[in-house]
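All remarks here apply to the structure that follows.
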2 protein chains.
Amino acid sequence: MKYIEKLRNSGLRPTKQRLKICQVLFDSEKTFHFTVNDLAKKIKIKIDSNISLATIYNTVHAFEKKGYLKQIPINSSQTYFDTNVSDHHHFYDLNNDKLIDLENSDVGPINIKKKINGKKIKSVEVLVKLED
Amino acid sequence: MKYIEKLRNSGLRPTKQRLKICQVLFDSEKTFHFTVNDLAKKIKIKIDSNISLATIYNTVHAFEKKGYLKQIPINSSQTYFDTNVSDHHHFYDLNNDKLIDLENSDVGPINIKKKINGKKIKSVEVLVKLED
DNA sequence: TTTCTACTTTATAATGATTCTAAAAAGGTG
DNA sequence: CACCTTTTTAGAATCATTATAAAGTAGAAA
Ligand SMILES: [Mn+2]
Ligand SMILES: [Mn+2]
Ligand SMILES: [Zn+2]
Ligand SMILES: [Zn+2]
């Protein structure tokens, strides 16, 4: 299985559960955005096995820490994650709570002119809110 | 009192509680960022009166809807609000969960080249995450 | 293979921000 | 004042997320 090494390299044991979650997250052609709830449903549908919510949370957070997933900064009752870990931005459709990718090339370079003493920039993310 | 009219013009009755919350939010020289919890503490300190949490939530949401406050898109366990309702951006310091304003002039114009059919842009916000 | 240990999973409880409820209080109008 | 509507409030409910701690598993060593 192709995810065993990916997990090992990150210091995560390739357990049955983690491998199945990898399948659901990373086997698809396109990247996608999801909440933990979305992911739990998807796992139940795609794979006929019960992975506990606690494990899904643990794994998602482990993947996030390792850089396999990104959190999307947004105000919502649930946290959104992204399997697209490249540097990019988002549209957020306020009418249906859906996220759409905005590639860097769709936004152009962002030049942060202000500097904060002793701090370095970790990420620069643009959120474009949409409405009808 | 200078907030009575502001409230009336927005269809909000100028109640004792709303006027006191206005004082705490809008009387200060500088704008600031806050969570509902922050605000509740500030109210208890600045004004010696008990305004219930429910009322603070109601009022903050009413003000947000009227455009007197802005929500800041960020992933945190609490929602952050901003008394600076001008178009601007933020630094978010991951080491202490503090927000710092980034004026439009500190970022330069952002040109969103991608369009979404039937949707219009409501806001464009940049979040710059900082670490030590 | 057997054993040992650290890591992982899981069901379940706890947490905590936010929202809901419904009764009491206050605002506004005539 | 009398009336009706809006607002406030204490407390309960909700619900995403995190913590707990017991049972299971992976990997390595013997
Ligand atoms: Mn996380
Ligand atoms: Mn709100
Ligand atoms: Zn994305
Ligand atoms: Zn601000």
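Chain letters run A, B, ... following the sequence lines, proteins first, then strands; residues in each count from 1. Nothing here was measured: the structure is a model prediction, and the numbers come from that model.
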Requested in this report: Can you run down the ring pair (Phe, Tyr, Trp, His ring centres under 6.0 Å) pairs that involve residues 112-132 of chain A, sequence neighbours left out, and say none if there aren't any?
Outcome: none

Query raised in the report: Please give, in whole Å, the distance from D/dC15 P to A/L53 CG?
Result: 14 Å

Query raised in the report: Linking Ile, Leu, Val, Met, Phe, Trp and Tyr by side-chain heavy atoms under 4.5 Å, what else ends up with B/F91?
Result: A/F91, A/I100, A/L102, A/V107, A/I110, A/I112, A/I116, A/I121, A/V124, A/V126, A/V128, A/L130, B/I100, B/L102, B/V107, B/I110, B/I112, B/I116, B/I121, B/V124, B/V126, B/V128, B/L130

Query raised in the report: OP1 or OP2 of D/dT9 sitting under 4.0 Å from any side-chain N/O of B/Q17?
Result: yes

Report summary line: Closest to the side chain of B/R13, out of D/dT8, C/dT18, C/dA26, is C/dA26

Query raised in the report: To the nearest Å, how far apart are A/F63 CZ and C/dT8 C1'?
Result: 13 Å

Requested in this report: Please state how far atom NZ in A/K16 lies from atom C1' in D/dT25, giving the value in whole angstrom units.
Outcome: 7 Å

Requested in this report: Quickly work out the B/K20 NZ to C/dA26 C1' distance and round it to whole Å.
Outcome: 14 Å

Query raised in the report: So what is the end-to-end bend of the helix from C/dT1-D/dA30 to C/dG30-D/dC1, with 5 pairs used at each end and the value given to 10 degrees?
Result: 30°

Report task. For the side chain of A/T59, starting at C-beta, report the closest nucleotide among C/dA26, C/dT9, C/dT18. Result -> C/dT9

**Report entry** Minimal non-hydrogen separation, B/S86 against B/N84, with atom names
**Finding:** OG-OD1, 2.8 Å

Query raised in the report: Salt bridge or not for B/D27 and B/K2, using N-O below 4.0 Å?
Result: yes

Query raised in the report: Between A/I4 (CD1) and D/dG27 (C1'), how many Å, whole number?
Result: 13 Å

Requested in this report: Measure from CG on B/D38 to P on C/dA17 and round the result to the nearest Å.
Outcome: 11 Å

Query raised in the report: When you measure from the side chain of A/Y57, which nucleotide among C/dT10, C/dT18, D/dT18 comes out closest?
Result: D/dT18

Query raised in the report: Distance-only, no hydrogens or angles: does the A/T35 side chain make a donor-acceptor pair with backbone N or O of A/Q78 under 3.5 Å?
Result: no

Query - 5′-ward residue of the pair B/V36/A/N58 relative to DNA chain C - result: A/N58

Query raised in the report: Across the strands shown, which category fits A/N50 at heavy-atom distances under 4.0 angstrom: base, sugar-phosphate, nothing?
Result: sugar-phosphate

Report task. Taking only the side-chain heavy atoms of B/T15 (C-beta and beyond), determine which of D/dT18, D/dT7, D/dT9 contains the nearest atom. Result -> D/dT7

Report summary line: Of D/dT17, C/dT18, D/dT9, the nucleotide closest to the side chain of B/T79 is C/dT18

Query - Axial cation check for B/F26 ring with B/K6, 6.0 Å and 45° limits - result: yes

Query raised in the report: Shortest non-hydrogen contact from B/R13 to B/R18?
Result: O-NH1, 3.0 Å

Requested in this report: Find the distance B/H61:NE2 to C/dT18:C1' and express it as a whole number of Å.
Outcome: 8 Å

Report task. Return the value, rounded to whole Å, for the distance between atom CG of B/N37 and atom C1' of C/dT15. Result -> 14 Å

Query - Proximal nucleotide (of D/dT8, C/dT18, C/dT10) relative to the B/Q78 side chain - result: C/dT18

